[in-house]
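Computed from a prediction, not measured in an experiment: that's the story for all the values here. Each chain gets a letter, A, B and so on, in the order its sequence line appears, and its residues count up from 1.
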Amino acid sequence: MAHPQLPLFEPSDDPPAAAPRAPLASSRTPASAATPVVSTPASATPAVATPASATPPVSASASATPPAVAPKPARTQRPPVDPETLLADLNEPQRESVMHSEGPLLVLAGAGSGKTRALVRKIAWLIGVERMAPWQILAVTFTNKAAAEMRERAGHMLGQETVENGLWLGTFHAIGVRLLRMHGHHLGIPRSFVIHDADDSETMVKRVLKRLNIDEKSFPARSVRSYIDKQKQVCRGPDAPDLPTGTLVERRHAQIYAAYEAEMKQAGAVDFSDLIWLPYRLASEVPQVGDELRLRFRYILVDEFQDTNRAQFLLLKALLGPERNVCAVGDDDQSIYRWRGAEVENILEFDREFPGATVIRFEQNYRSTRPILDVSGALIAKNRGRHGKTLFTARDGGEKVRLFAAESESEEADYVVRRIAALRGKHPLREFAIIYRTNAQSRSFEDRLRAYAIPYKVFGGLRFYDRAEIKDVLAYLRLLQSPSDPIALDRILNRPNRGIGATTVARIEARSQASNETLWAALCAEAVDTTSSAAPKLRAFVDLIIELQALLAHETALGVARAVLAKTGYLAWLQKDGSVEGETRAENVRELLAALGEFSDQRADNSLAAWLDEVALVSNLDEKQGDDAVVLLTAHMAKGLEFDVVFVTGMEEDLMPHFNSRDDHASIEEERRLVYVAMTRARHHLHLSHASSRRRFGQTRPALPSRFLDGLPGEHLLDENPRPARRPRTELPAARPGLAWSSPRTATPKADPYADPVPDWENESQDAADKRNHRVLGTASPTTAASGWARGMRCFHPQFGEGIVTTVEGAGERAKVTVSFWDGIARKLIAKALSEP
DNA sequence: AGCGTAACGATTTTT
DNA sequence: TCGTTACGCT
């Protein structure tokens, strides 16, 4: 695999600090004059004196990790790297961080300041200059996507093989899986353990509650799961002395927790948080393992450090050798996962934890234009409790940040989509991102995008691997690997139908509980129980599973999956009713097979186990991209990404900040950071929008502009609503006493004010608006008054109730009337939808 | 046992 | 509004 010529630059990297790119230049074209990083083609690699440490520590378990730990010292592809070329196009702080290779280092890297680039260079430095072996380096990222990107970039500099086989690079969870597979047996975790996702955990909690006879009404599985998760996030087991047991509820929780753990152990399963917590226990409680790991990892890098939770931090420390060679990179202003246990304190108090730590700040931003930077900077400056840094850019100019106040969410969507249409020629569609707080908000944008025939891709919502049919197949595969897992067994026992109904399942459950054996064992026992009428059916099922299990030894993961489908008739079962839905599901399953095939072809370790590990950890961000399409995602998912054009939508109170955060100062600050993250994704164009009414809980309700819009620097803002001044509230009588009046905007614009670049969709948009109104009023009753409305008249709408006419445009049937309804919301309607009160 | 309907509930973010 | 679940009917 010796490349005749290694790629000479990181393809999608930031431009050199010395040559900032022009604000509007397409960022797709990397500076072609990028400095060569590798000075010698790999094929000419001279025999490099292998440092003594380049042999992995002797370890019994090392051989157990298939490709991971078996470096090939002699052939290790480590071209000599010229330090100067590694540093050439970095700015000063970046260089410093790359060269600092001893002792704890904290890099406070502002948004868009080139931290990924620095991290990749640092890895190259450690290997190429400091002469560490790849397997001595542990690099932790926040998402799989980030890991893939770093792997790719590092591969370009160091050679793919080095990166694929040596370097430990992945999310905390992925690293945790690896450590558990290697050493988990010390904690009684079988090597074939399965990973439960959040859904599985909840199901597991339900099982436990049932067994303990605890009413789910008083202890909802969901909240119990979250309790357990919280404990694990701080490395607190069910028998931890500091587990709160003061109140009755707390004692109950502790009891459920203990039972849950016992059940998990019997199942041979681990949950998400276990993937952090158990490796921590391994490293801290099992000297044999801990010492080996601490000896092995000579340098640890952690990205997105601000979003690590306590367990992750503890794990990090447990893996760290006495030299404390750790580089943590993060931005306290981008900490947005407090709700999930992230502790910003980890980054804020880094130097207390690691006395003498070097702190380096990246404050030069290479991503965004000045207005974007200043606006987002003004926002985040309002937060207290931050390290504090000011981003600057070498480039001047750039478009102002646009602010749009919409009447409704559909108008907001309309604005966004028209802006996209206007800018479409200048940026590829995949460079447009519509960012919102909650997944539910995607809908109005999807509707508009469809209407304009603009391709889009929604991230979030239902993941591919969360679809029922996919989970079914996965359950089969998991069951084969680990039959003791009751969650998988329960899921597919009667799917496709085998005539094993609830009664039978209950019998088996009872048997399992009585004899304290796994569900699978109980099922097997029942299958040979001559007194059981269901025995023949159960025996058939057991035979099926055993037969399939035999395939594991010699079949690929793909082969096993195919056999499962063939032997169970699962596909046929999906399609049996001939419905479109069933066909879609079958299609999804085939897609799963395709993914499996791809995996088998590409991976060195293409075992079923390896594949199951991977799919357990994929997020919807990891799903295949590719198409040139507008991207719709939540602010959380947008972290770490960047786009030419960004829309931060739904900038309203109770949405952004979300109403769950409203009474808590710390939460408000987190929401502010969330908005900051969203804004700083933008390279060239940033839009902020809000609507004065929004559907929620299935009802339209008034919405106020977000507090986060207050105090933004006006000189960088462009108001997209320079329309007639808002109507003073005194001009209209309140429709109902005591109800708020939500200052509706009047009159439709004659020309489209935000159309500046391409003002030619004016007519189209009017039509669109009409269509929209018709749709909204789909249930409108026949009317008495077709026209003749005037301002101030009282009127009635079958859906919205009573209201007062505030404006009238046009005449006759097509007249449009704005009505302020009794609920305080102004709606623009077709006149004929109204009747007299 | 399986399907359909009706009522109900729940709506933040995700490795 | 939507999705899920529970129950009742076939």
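For N439(A), a side-chain nitrogen or oxygen approaches OP1 or OP2 of dT13(B) to under 4.0 Å. A sub-4.0 Å separation between OP1 or OP2 of dT13(B) and a side-chain N or O of R340(A) is absent. Close to dT14(B), at under 4.0 Å from its OP1 or OP2, lies a side-chain N or O of T634(A). Note on R443(A): a side-chain N or O is less than 4.0 Å away from OP1 or OP2 of dC2(C). Considering only side-chain N and O atoms, R498(A) lies nowhere under 4.0 angstrom from the phosphate OP1 or OP2 of dG2(B).
Look at NZ on K639(A): it is 16 Å from P on dT13(B), rounded to the nearest Å. Atom CD in Q233(A) sits roughly 14 Å away from atom C1' in dT13(B) (whole-Å rounding). D274(A) has its CG atom 13 Å from the C1' atom of dT15(B), to the nearest Å. Taking atom CG of residue D197(A) and atom C1' of nucleotide dT15(B), one finds them 11 Å apart after rounding to whole Å. Summarising the geometry, the separation between CG on L180(A) and P on dT15(B) is reported as 19 Å, rounded to the nearest angstrom.
In this structure, W573(A) has its ring center under 6.0 Å from that of Y570(A).
Of all nucleotides listed (dT11(B), dT15(B), dT14(B)), dT15(B) comes nearest to the side chain of F272(A).
For the pair L632(A)/Y436(A), a side-chain contact is recorded, criterion being any heavy-atom separation below 4.5 Å from C-beta on.
With 3.5 Å as the limit, one finds a donor-acceptor pair spanning the side chains of H196(A) and D485(A).
Of the two residues near DNA chain B, T504(A) and A198(A), the one whose nearest nucleotide lies more 5' is T504(A).
You cannot call F142(A) stacked on the base of dT15(B); the centres under 5.5 Å and planes under 30° rule is not satisfied.
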